[in-house]
Amino acid sequence: MQISARGDYAVRAALSLATAYPTLLSTQAIAAEQDMPRKFLEAVLADLRRSGLVRAQRGAEGGYTLSRPPRDVTIGQVLRAVDGPLAGVRGLRPEETRYEGAAENLPRLWVAVRASVRRVVDEVSLDELVSGRLPAHVRRLTTQPDAWEPR
């Protein structure tokens, strides 16, 4: 799975909003805290607002806040808000792929890949990530011997 810059920035911005919740944060404050370009962050926040994950308030005291408590927002929701479906195969959803011959079982593998990604990003809330209290099954994945090794 490849996390886009947009997805990375969205999750980081959402984490900043989670730590301040329910207080409003300006794009300038988030950009400074997370060392992000403000213009790009504004586009990401617009996506998050359109998806209903954040709300904006205009004016001198304006800014952004999560529309729900951080415990009710998952990393998967944030990623989908800016990048769409979590797993795609040549622009198709895994269950939409069809192959012949030796590759006929490949759709099952693509669906399993998506399911495993969902098992992590859809089961970790912003609150859990901010606090470092990840679900046990996610923590276990990070302790596997080769988890931190590049391949």
- Message: Taking side-chain hydrogen bond (donor to acceptor under 3.5 Å, both in side chains) as the definition, give me every residue that meets it alongside R108, ordered by chain and number, with sequence neighbours left out.
- Response: N105
- Message: Would a single hydrophobic cluster contain both Y99 and L92, if residues Ile, Leu, Val, Met, Phe, Trp and Tyr are joined by side-chain heavy-atom contacts under 4.5 Å?
- Response: no
- Task: Report, as yes or no, whether the 6.0 Å neighbourhood of atom CZ on R68 holds more than 12 heavy atoms from other residues, nucleotides or ligands.
- Result: yes
- Item | Beyond-backbone contact of S4 with Y9, side-chain heavy atoms, under 4.5 angstrom | no
- Message: Is the shortest side-chain heavy-atom distance between L25 and S16 below 4.5 Å?
- Response: yes
- Check step by step if side chain to side chain contact (heavy atoms under 4.5 Å, CB included) holds for L17 and V54. CA-CA 9 Å; L17 294 172; V54 303; 3.6 Å; yes
- Task: Could you tell me whether a side-chain N or O of E33 sits under 3.5 Å from a main-chain N or O of I30, the two making a donor and an acceptor?
- Result: no
- Which is it for S125 and V73 under the side chain to side chain contact (heavy atoms under 4.5 Å, CB included) test, yes or no, and what are the steps along the way? CA-CA 5 Å; S125 71; V73 180; over 6 Å; no
- Single-linkage hydrophobic cluster, 4.5 Å side-chain cutoff, W110 and L86 together: no
- Item | Minimum heavy-atom distance L41-A13, with the two atoms named | CD1-CB, 3.7 Å
- Between the side chain of Q77 and the main-chain N/O of T74, is any donor-acceptor distance below 3.5 Å? yes
- Roughly how far apart are T27 OG1 and Y64 OH, rounded to 0.5 Å? 6.5 Å
- Message: Are the side chains of P70 and L66 in contact, using a 4.5 Å heavy-atom criterion?
- Response: yes
- Message: Check this for me: Q57, atom CD, are more than 12 non-hydrogen atoms of other residues, nucleotides or ligands nearer than 6.0 Å?
- Response: yes
- Query: At what distance, to the nearest 0.5 angstrom, does CG of D83 lie from CD of Q2?
  - Reply: 10.0 Å
- Note on the structure: To the nearest 0.5 Å, atom CZ of R133 lies from atom CD of E128 at 7.5 Å
- Flag the pair R80 / D122 as yes when at least one side-chain heavy-atom distance between them is below 4.5 Å, and no otherwise. yes
- Taking W148 for its side chain and T142 for its backbone only, find out whether a donor-acceptor pair lies under 3.5 Å. yes
- Note on the structure: Smallest heavy-atom separation, S26 atom then A29 atom, equals OG-N, 2.9 Å
- Message: For the OG1 atom of T97 and the CD atom of E104, what is their distance to the nearest 0.5 Å?
- Response: 12.0 Å
- Message: Does this structure show an ion pair linking R118 with E123, if we count only N-O contacts that are shorter than 4.0 Å?
- Response: no
- Query: Quick one: does R98's side chain have a donor or acceptor within less than 3.5 Å of a partner on E95's backbone?
  - Reply: yes
- With the side chain counted from C-beta on, respond yes when L129 and L134 share a heavy-atom pair under 4.5 Å apart, and no when they do not. yes
Please list, one pair per line, the donor and acceptor atoms closer than 3.5 Å that link side chains of residues 42-53 to other protein atoms, with sequence neighbours excluded.
unit_1: E42; atom_1: OE2; unit_2: R38; atom_2: NE; d: 3.0
unit_1: E42; atom_1: OE2; unit_2: R38; atom_2: NH2; d: 3.2
unit_1: D47; atom_1: OD1; unit_2: R50; atom_2: NH2; d: 2.5
unit_1: D47; atom_1: OD2; unit_2: R6; atom_2: NE; d: 2.9
unit_1: D47; atom_1: OD2; unit_2: R6; atom_2: NH2; d: 2.8
unit_1: S51; atom_1: OG; unit_2: L48; atom_2: O; d: 2.8

- Do L15 and I3 sit in the same hydrophobic cluster, where Ile, Leu, Val, Met, Phe, Trp and Tyr count as joined when their side-chain heavy atoms come under 4.5 Å apart? yes
- Item | Shared hydrophobic cluster, L24 / Y21 (ILVMFWY, side-chain heavy atoms < 4.5 Å) | no
- Report whether V120 and L126 are members of the same hydrophobic cluster (ILVMFWY, side-chain heavy atoms less than 4.5 Å apart, transitive linking). yes
